[in-house]
Amino acid sequence: MGNGIVGNLAAAWFRRHMPALQVTVVGPAARTLPVVGESLVEFSTQFLQEIGLGRHLVEEQLPKYGLTFYYKLEPTVSGDPRYIVDGLPTNPPQPSFLVNRSSFDDALGRFNRRNGVEHVDGKVARVELEQAAHRITARGSDGTERTCTARWVIDATGRRRLLARQLRLEDSVPYQRSSFWFRLADFDPSILDRVDAVGNGRRRPDGYYATHHFFGRGNWVWLIPMRAGRAGQMMSVGLTCRPDLFPDPMTSVPEFLDRMTREHPVLGDLVRSGRVVDTNLYRNYMYRARQRYSSQGWFLVGDAADTVDPLYSTGLALAAMAIQQVGAIIRRELDGSLTEGFVSDLDLAYARFRSLGEEQVARLYDVMQAGYQCRLRMHLHVVSFFHMALPLLLHGYHADAVGAAMMARLGGPAHGLGRQLTDFEPLIAQAAAQQAAGAACTGARVHSAFTLNHSWFEQCRDDQIPRSLHRMFRHMAALRLRLMWKAGVRSWLDPVQLGGLLKSLVWAVAVGAFGKRSLKRSGLARRLFAPGRDDGRPRFLSAHPSRTELTR
């Protein structure tokens, strides 16, 4: 259900990997929703390559040379043009792309039609969930209705959240976000070369082909280049903020220019050099679901379940993760081995994996104007992504019984990686207090051969994941020691920091003991991460909710 990018990606994946199934997309042919999500990451790129869209990415879209971050050297001086620029030092270890969603979505629709995906043109008006077969009624623009029967229903209706609202699965989030964005054409790209970069002497690929991030107080601005036809170029420009920290409304290009002229003059020059194509606004758009998958054959994917902050461009990657998990559940149902525990473990792995990143990003807004703290926190985020998250995803841990339980444990709120990252935050603040103004230069780099885990990507093998995790936790222990030395005596007496140091060392020893073995296939891992042991498992709805409740 849903004719947007996530619904069509799900349809394409099922046609490629489970061709015996008949796949139908239900949704209006004419899409009028705002276009977002132009920047891909490595996992979403691999997902698109696997379903057969790799050639389109190479021939029709732009290459992406990672993420580039701009921190104000003197954040208290609004007109100071100098930045600490942290960009990719070399070609990315895995490919990713910057996509024009208009051309990409059209290509995806044509791809699905060529591969036998049926499309029902109409808005979903009614869903009746039954044990044997679900019924979906769509209403066309002329008022006529058509009913489809399906063994499995995937809700990809985006912000409409059809099933989440009907089943009362909506959950609150601690921090809201708002975004204002527009597309820019006929601009002067050389303006970005005029950024007054400090402490950025490393040679790197063309810095233009990256997702650019300019940080301010409680907000950040993105710039995403994209191809507009074969000869033209376009750029997505947007601001995302936490409304509690950035209360000024941002609803028009003049307001954007007024703010940027004061905080980031180079961005004001860039926008004025071009032509604004369209504008969009989302206010307080963050939400999440209490449950996404059911053994009764209904699922929520993408924005139909949860939204994420766009800072690290993980939206489509999480949707791809969910689609593959849904496929694993359906495969188990087809071979007769599906259990409630398996569904629950995959749901919990997704929830904790999403929360691990989202909660860290939400708190990052507190220090976006402080280059030293922001850069160090982001350093830890990127290390976690490339040393743990990406290797596990690339090898299918999220769709495996033992692997999903392992991911849920690693991302757990009490003893997992999320707790360690949170415990770093006061220590980073204490170390920052000892730094002189402009000391962001001395912070650990967000992008380096280590943070991007080049040594693992040279082989990209499952049996090298324990070594990757070992390096990550060992690095965290060493970084904590360095920060404790900078912060002074108080940090050495802090039980939180001593406990965090001990946890990192214990995790480093534990994962290092696996040597060169696949974690999800190891007998020891199967005993340590037995599916279904975690007490944090979500409480699922009853197996057979009443039709009255579902169609209310």
Chemist: Measure the OG-CE distance between Ser384 and Met476 for me, rounded to the nearest 0.5 Å.
Modeler: 3.5 Å
Chemist: To the closest 0.5 Å, what do you measure between CZ (Arg419) and CZ (Phe424)?
Modeler: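 Here the interatomic distance stands at 12.5 Å.
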Chemist: OG1/Thr307 to OH/Tyr285 distance, rounded to the nearest 0.5 angstrom?
Modeler: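 Between Thr307 OG1 and Tyr285 OH, I get 7.0 Å after rounding to 0.5 Å.
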Chemist: Kindly compute the distance separating CD (Glu359) from CG (Leu364), expressed to the nearest 0.5 Å.
Modeler: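 It is 13.5 Å, given to the nearest 0.5 Å.
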Chemist: Go through His381 and Leu311 one step at a time and tell me if the side-chain contact (heavy atoms from CB on, under 4.5 Å) criterion holds.
Modeler: CA-CA 11 Å; His381 299 170; Leu311 180 64; 5.9 Å; no
Chemist: Can you list the residues that meet the ring pair (Phe, Tyr, Trp, His ring centres under 6.0 Å) rule with Phe256, with sequence neighbours excluded?
Modeler: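 Partners of Phe256 by the ring pair (Phe, Tyr, Trp, His ring centres under 6.0 Å) criterion, ordered by chain and then number, come out as Phe182.
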Chemist: Check each of Asn8, Val23, Asn3 against Asn112 using the side-chain contact (heavy atoms from CB on, under 4.5 Å) test, and report the only one that passes.
Modeler: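 The single option meeting the side-chain contact (heavy atoms from CB on, under 4.5 Å) with Asn112 is Asn8.
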Chemist: What are the two closest non-hydrogen atoms of Cys374 and Val367, and how far apart are they?
Modeler: CB-O, 3.4 Å
Chemist: Can you list the steps and then say if Thr211 with Trp222 is a side chain to side chain donor-acceptor pair (under 3.5 Å)?
Modeler: CA-CA 7 Å; Thr211 302; Trp222 78 72; over 6 Å; no
Chemist: Is there a side-chain contact between Phe187 and Val237 (heavy atoms, below 4.5 Å)?
Modeler: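 Heavy-atom side-chain distance check fails, nothing below 4.5 Å.
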Chemist: Tell me, please, which residues at least two apart from Asp105 pass side-chain contact (heavy atoms from CB on, under 4.5 Å).
Modeler: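 Residues passing side-chain contact (heavy atoms from CB on, under 4.5 Å) with Asp105: Ile5, Arg31, Arg101.
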Chemist: According to ring pair (Phe, Tyr, Trp, His ring centres under 6.0 Å), who are the partners of Phe214, at least two apart in sequence or on a separate chain?
Modeler: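 For Phe214, the residues satisfying ring pair (Phe, Tyr, Trp, His ring centres under 6.0 Å) (neighbours in sequence not counted) are Tyr70, Tyr83, His264.
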Chemist: Is the distance between the ring centroids of His387 and Phe450 under 6.0 Å?
Modeler: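 Distance test on ring centres: under 6.0 Å, yes.
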Chemist: For the atom pair OG (Ser179) and CG (Asn284), what is the distance rounded to the nearest 0.5 Å?
Modeler: 10.5 Å
Chemist: For the residue pair Phe69 and His447, categorise the inter-ring angle as parallel (less than 30°), tilted (30 to 60°) or perpendicular (more than 60°).
Modeler: parallel
Chemist: Scan for salt bridge (charged side-chain N to carboxylate O under 4.0 Å, His left out) pairs involving residues 308-317, sequence neighbours excluded, and state none if there are none.
Modeler: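 Listed by first then second residue: Arg177-Asp309.
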Chemist: Kindly indicate, with the supporting measurements, whether the criterion side chain to side chain donor-acceptor pair (under 3.5 Å) is fulfilled by Tyr365 and Trp220.
Modeler: CA-CA 8 Å; Tyr365 284 80; Trp220 61 278; 2.8 Å; yes
Chemist: With Arg259 as the cation and Phe246 as the aromatic partner, state whether NZ or CZ is under 6.0 Å from the six-membered ring centre and within 45° of the axis.
Modeler: no
Chemist: Report the relative orientation of the aromatic rings in His212 and Tyr208; use parallel for angles under 30°, tilted for 30 to 60°, perpendicular for over 60°.
Modeler: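 Judged by the thresholds at 30° and 60°, the geometry between His212 and Tyr208 is tilted.
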Chemist: Less than 4.0 angstrom from a charged side-chain N to a carboxylate O is my criterion; do Asp278 and Arg183 meet it?
Modeler: yes
Chemist: Determine whether the aromatic ring centres of Tyr350 and His398 lie less than 6.0 Å apart.
Modeler: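 No: the rings miss the under 6.0 Å criterion.
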Chemist: Quick one: pull up OG in Ser96 and CD in Gln94 and give me the separation to the nearest 0.5 Å.
Modeler: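 The distance works out to 9.5 Å.
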Chemist: Using distance alone, with no hydrogens and no angle criterion, decide if Arg272 and Thr261 have a side-chain donor and acceptor under 3.5 Å apart.
Modeler: yes
Chemist: Just by distance, no angles: are the side chains of Arg363 and Thr422 close enough, under 3.5 Å, to form a donor-acceptor pair?
Modeler: yes
Chemist: So, using ring pair (Phe, Tyr, Trp, His ring centres under 6.0 Å) as the criterion, who are the partners of His119 when residues are at least two apart?
Modeler: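 Per chain and number, His119 pairs via ring pair (Phe, Tyr, Trp, His ring centres under 6.0 Å) with no residue.
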Chemist: Identify, with sequence neighbours excluded, every residue that meets side-chain contact (heavy atoms from CB on, under 4.5 Å) alongside Val58.
Modeler: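 For Val58, the residues satisfying side-chain contact (heavy atoms from CB on, under 4.5 Å) (neighbours in sequence not counted) are Phe97.
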